[in-house]
Amino acid sequence: MGRDKVFVTRELPPVALGRLAEHCDVEVWDEFLPPAYELILGKVSGLAGLLCLLTDRIDARLMDAAPEIKVISNLAVGYDNIDIPAASQRGIPIGNTPGVLNETTADFAFALLMATARRIPEARQYIHDGKWLTWHPTVLSGQDVFGATLGIIGCGRIGAAVMRRAQGFGMRILVNSLESADEIRELGGEKAALGELLSQSDFVSLHVPLTEETHHLISEPELKQMKPTSILINTARGSVVDPQALYTALREGEILAAGLDVTQPEPIALDDPLLTLDNCLIVPHIASASVATRAKMAEMAVDNVIAGLQGQPLPTCVNPEIYQRD
Ligand code: DGY
């Protein structure tokens with residue numbers, strides 16, 4: 001019997017790829033841009049494993065074209081790019097990379113919060129535009145972070161890591177999430193209804209997965225409930241926020257600013273109106289992008305593939321119910 005074949009949809013750190021290659025024949029898509037859906041579809045028929053990214057759509061059609069597939073491993077904690085019910089129906093384990101990116105992502109959410117509150121990108125541009133002519137009492141004044149109220153929507157691992165940082169800044173922390181009031185209190189926050197959180201927070205930071213329920217969770221009515229001095233931070237998924245509603249809210253001064261690591265769609269089009277706004281800081285989905293964290297994510301994704309090829313339960317599996325079957 002030949003070695004298992006695995007397709008990896010992007011170049012990974014060599015150490016992780018080298019380890020994978022000890023267990024199977026590895027083909028790596030080494031271009032900068034992702035492989036097209038049709039290309040992956042054309043490759044999967046003889047594959048035992050697929051290591052994919054959040055940019056790859058993995059649906060039922062693709063799974064049906066891969067009768068020998070034993071494992072699909074996503075190099076991300078989020079897995080909204082994969083049809084999980086379809087995978088579970090077919091008994092295909094799906095791996096993800098939770099845990100290792102919590103602190104790195106929380107650092108970045110806080111970096112966006114600080115940068116938008118204190119208008120750092122605008123201040124940099126101000127110098128480059130030759131506008132720094134003198135010290136001035138009101139120029140580029142921003143919002144205080146210390147002692148402000150932070151609203152956290154979704155208090156999983158990353159939301160909780162953001163809360164720890166907020167405590168260091170003496171912030172009052174309101175939390176809207178599935179956890180109980182007691183659990184949230186133990187983490188240092190107060191459980192709040194969504195409307196209460198939106199109307200009282202100076203900063204609102206999103207940490208929910210993208211699901212049917214959270215799609216456009218922040219839309220016109222929610223933005224209208226926020227304070228005109230408040231700032232929205234999104235390091236979750238772009239589609240949690242309605243981009244048209246956000247544009248209107250930022251342009252009309254319904255909220256003060258936004259810091260977005262994620263957009264709908266990704267990448268954002270260069271003619272997207274959000275890019276015309278000085279009060280909207282947008283960066284290209286890099287919240288987990290530290291060298292160390294991305295290397296750990298690659299190791300976890302490889303561990304999931306190896307386990308799947310060996311018929312073992314994946315160390316981090318998003319549909320473990322498939323192992324409960326007879
Ligand atoms: C994830 O892992 O889901 C992030 O969005 C990328 O690190």
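Predicted model only: the values in this text are computed from it and were never measured. Ligands are counted one by one from 1 in listed order, and the atoms in each one are counted from 1 as well.
Contacts between V262 and ligand 1 below 4.0 angstrom, taking non-hydrogen atoms only, are absent altogether. With a heavy-atom cut-off of 4.0 Å, T97 does not touch ligand 1 at all.
Using a 4.0 Å cut-off between charged side-chain N and carboxylate O, K191 and E179 make no salt bridge. The pair R90-D64 meets the salt-bridge criterion, since a charged nitrogen lies less than 4.0 angstrom from a carboxylate oxygen. The pair E68-K5 does not meet the salt-bridge criterion, since no charged nitrogen lies less than 4.0 angstrom from a carboxylate oxygen. For E254 and K224, the salt-bridge test passes: some basic side-chain N is under 4.0 Å from an acidic carboxylate O.
Set against the non-hydrogen atoms of L101, the atoms of ligand 1 under 4.0 Å away are 2 (O), 7 (O). Each of the atoms 5 (O), 6 (C) of ligand 1 lies under 4.0 Å from some heavy atom of L54. Within ligand 1, the atoms closer than 4.0 Å to a non-hydrogen atom of R237 are 1 (C), 3 (O), 4 (C), 5 (O), numbered from 1 in the order shown. For ligand 1, the atoms lying closer than 4.0 Å to a non-hydrogen atom of G78 are 1 (C), 2 (O), 3 (O).
Taking distance alone, with nitrogen or oxygen atoms compared against 3.5 Å, A76 stays at or beyond that limit from ligand 1.
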What's the verdict on salt bridge (charged side-chain N to carboxylate O under 4.0 Å, His left out) for R165 and E103, showing C-alpha distance, side-chain angles and the deciding distance?
-> CA-CA 10 Å; R165 284 151 182 79; E103 303 301 339; 2.8 Å; yes

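Atom 2 (O) of ligand 1 has its closest protein heavy atom at V77 N, 2.7 Å. S288 OG, 2.5 Å is the protein heavy atom nearest to atom 7 (O) of ligand 1. Of all protein heavy atoms, the one closest to atom 4 (C) of ligand 1 is H285 NE2, 3.7 Å.
Atoms CG and CG, from L232 and L223 in turn, are 6.5 Å apart once rounded to the nearest 0.5 Å.
For the pair R57 and Y37, the cation-pi criterion (under 6.0 Å, within 45° of the ring axis) is fulfilled.
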